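Have a look at the structure below before the remarks.
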Amino acid sequence: DVMKEVFDIRQMEIELQQKLDLAEVHIVPGNSDEFSWVKKEMGRTCIALMKKKLFAKGNTIAVTGGTTIAAVAEMMIPDVDLKEALFVPARGGLGEQVENQANTICATMARKAMGSYRLLHVPDQLSKDAYESLINEPSVKQILELIRSANVVIHGIGEAQTMAERRNSSQEVLEKLENANATAEAFGYYFDQSGDIIHKVLTIGLQLEDLKGIPHIIAVAGGASKANAIKAYMKYGTNQVLVTDEGAAKAILKKT
Ligand code: G3H
């Protein structure tokens, strides 16, 4: 029964919004752990929301990496408003493969929207010294200012261990995460189940505290396997909008 399904989803959106204390929750049917089209549906929903959040002029949209935000980019189509927008990667290299990097996704999204973009060219493994000198480079400083001035941020949320392994983190980092019961990952930061930061990848770009000054933040994350990660990250409490799927929503609300 389609009407009942729509009603159930709407009901879950309200419950989830209250449980996670968010401004808005949007749930697409299905479980993205099982079907990849569900990720694309989250992408489509995210794009529709993103367009609603734009200023009349001068929009800067910062995007993170990951397969979910890659699906948002994949669903992008040319748009009158977005073609005036500037797309930037939220943070520098986090150890991901090219297709999952924020730079790649940012360029794809901008190209599809027919907007413009700027990239952050930073190596993945930054020493403290390299980091200090890079952030003082005039060209890097300029793009960092653009990133911090973003009015919309689109980001993924990952399951901590999955992310750490996918990024080939060192044994030392893996142990640190395990000992601290790492649950969630977003923007290269790792969180425990209370939403406290337990580790951060050293790279330039948006720092979590910068999110406080950004008016529209849209998290896109689904799949039952991410239920605990979504719950943990949302305790950090900076998000306004969550786009997720039925799989994650049911698991968070314990309806399975
Ligand atoms: O940056 C990675 C995200 O936090 C999660 O990645 O969308 O591939 O699960 P994903």
Side-chain angles (χ1 to χ4, degrees), residues 26 28 30-47 61-76 87-109 120 122 124 147 153-169 173 177 182-193 195 197-208 211 217-236 238-239 241-245 247-249 251-252:
H26 301 266
V28 305
N31 179 357
S32 51
D33 286 342
E34 288 168 29
F35 303 105
S36 59
W37 56 262
V38 181
K39 241 179 218 181
K40 292 186 188 169
E41 282 310 309
M42 288 195 286
R44 196 199 304 276
T45 302
C46 172
I47 292 165
I61 300 166
V63 301
T64 67
T67 57
T68 314
I69 308 303
V72 177
E74 203 184 322
M75 298 308 283
M76 185 59 85
F87 292 83
V88 292
R91 297 193 79 199
L94 299 175
E96 296 268 14
Q97 288 190 303
V98 177
E99 63 273 26
N100 287 334
Q101 288 171 11
N103 265 342
T104 312
I105 293 168
C106 167
T108 305
M109 205 182 281
L120 242 181
V122 205
D124 276 357
I147 294 171
V153 172
I154 314 282
H155 74 92
I157 300 170
E159 192 279 314
Q161 187 164 352
T162 308
M163 292 313 303
E165 283 169 13
R166 190 168 93 189
R167 291 170 178 162
N168 291 316
S169 309
V173 169
L177 294 176
T183 307
E185 182 282 340
F187 299 98
Y189 287 72
Y190 289 84
F191 306 82
D192 63 16
Q193 58 179 358
I197 300 167
I198 51 181
H199 177 70
K200 157 188 176 187
V201 180
L202 187 62
T203 186
I204 61 173
L206 269 193
Q207 305 301 311
L208 272 189
L211 292 179
I217 301 163
I218 306 176
V220 193
S225 62
K226 282 191 185 178
N228 287 334
I230 295 169
K231 224 164 59 182
Y233 177 72
M234 290 311 178
K235 289 199 178 128
Y236 182 83
T238 42
N239 270 282
V241 181
L242 169 67
V243 177
T244 189
D245 63 17
I252 298 170

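Just so we're clear, the structure is a prediction, and the values are computed from it rather than from any experiment. Computed over heavy atoms, backbone and side chain alike; hydrogens, waters and symmetry mates excluded. Both counts, for ligands and for their atoms, begin at 1 and track the order of listing.
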Pairs of nitrogen or oxygen atoms, one from ligand 1 and one from the protein, closer than 3.5 Å: please tabulate them with distances.
from, atom 1, to, atom 2, distance (Å)
ligand 1, 1 (O), Arg167, NH2, 3.2
ligand 1, 4 (O), Gly158, N, 3.2
ligand 1, 4 (O), Glu185, OE1, 2.6
ligand 1, 6 (O), Arg166, NH2, 3.4
ligand 1, 7 (O), Thr67, N, 3.4
ligand 1, 7 (O), Thr67, OG1, 3.4
ligand 1, 7 (O), Thr68, N, 2.9
ligand 1, 7 (O), Thr68, OG1, 2.5
ligand 1, 8 (O), Thr67, N, 2.7
ligand 1, 8 (O), Thr67, OG1, 2.5
ligand 1, 8 (O), Arg166, NH1, 2.8
ligand 1, 8 (O), Arg166, NH2, 3.2
ligand 1, 9 (O), Lys226, NZ, 2.6

For residues 62-76, which residue pairs qualify under salt bridge (charged side-chain N to carboxylate O under 4.0 Å, His left out), counting only residues two or more places apart or in two chains?
Lys40-Glu74

Contacts of type side chain to side chain contact (heavy atoms under 4.5 Å, CB included), residue Ala164, not counting sequence neighbours
Ser169, Leu174, Leu177, Tyr190

Is any NZ, NE, NH1 or NH2 atom of the basic residue among Glu185 and Arg166 found under 4.0 Å from an Asp or Glu carboxylate oxygen of the other?
no

Under the side chain to side chain contact (heavy atoms under 4.5 Å, CB included) rule, collect the residues that match up with Ala73, sequence neighbours excluded.
Ile105, Thr108, Met109

Using 30° and 60° as the class boundaries, would you call the ring planes of Phe191 and Tyr233 parallel, tilted or perpendicular?
perpendicular

How far apart are the closest heavy atoms of Ala90 and Thr64, and which atoms are they?
CB-CG2, 3.9 Å

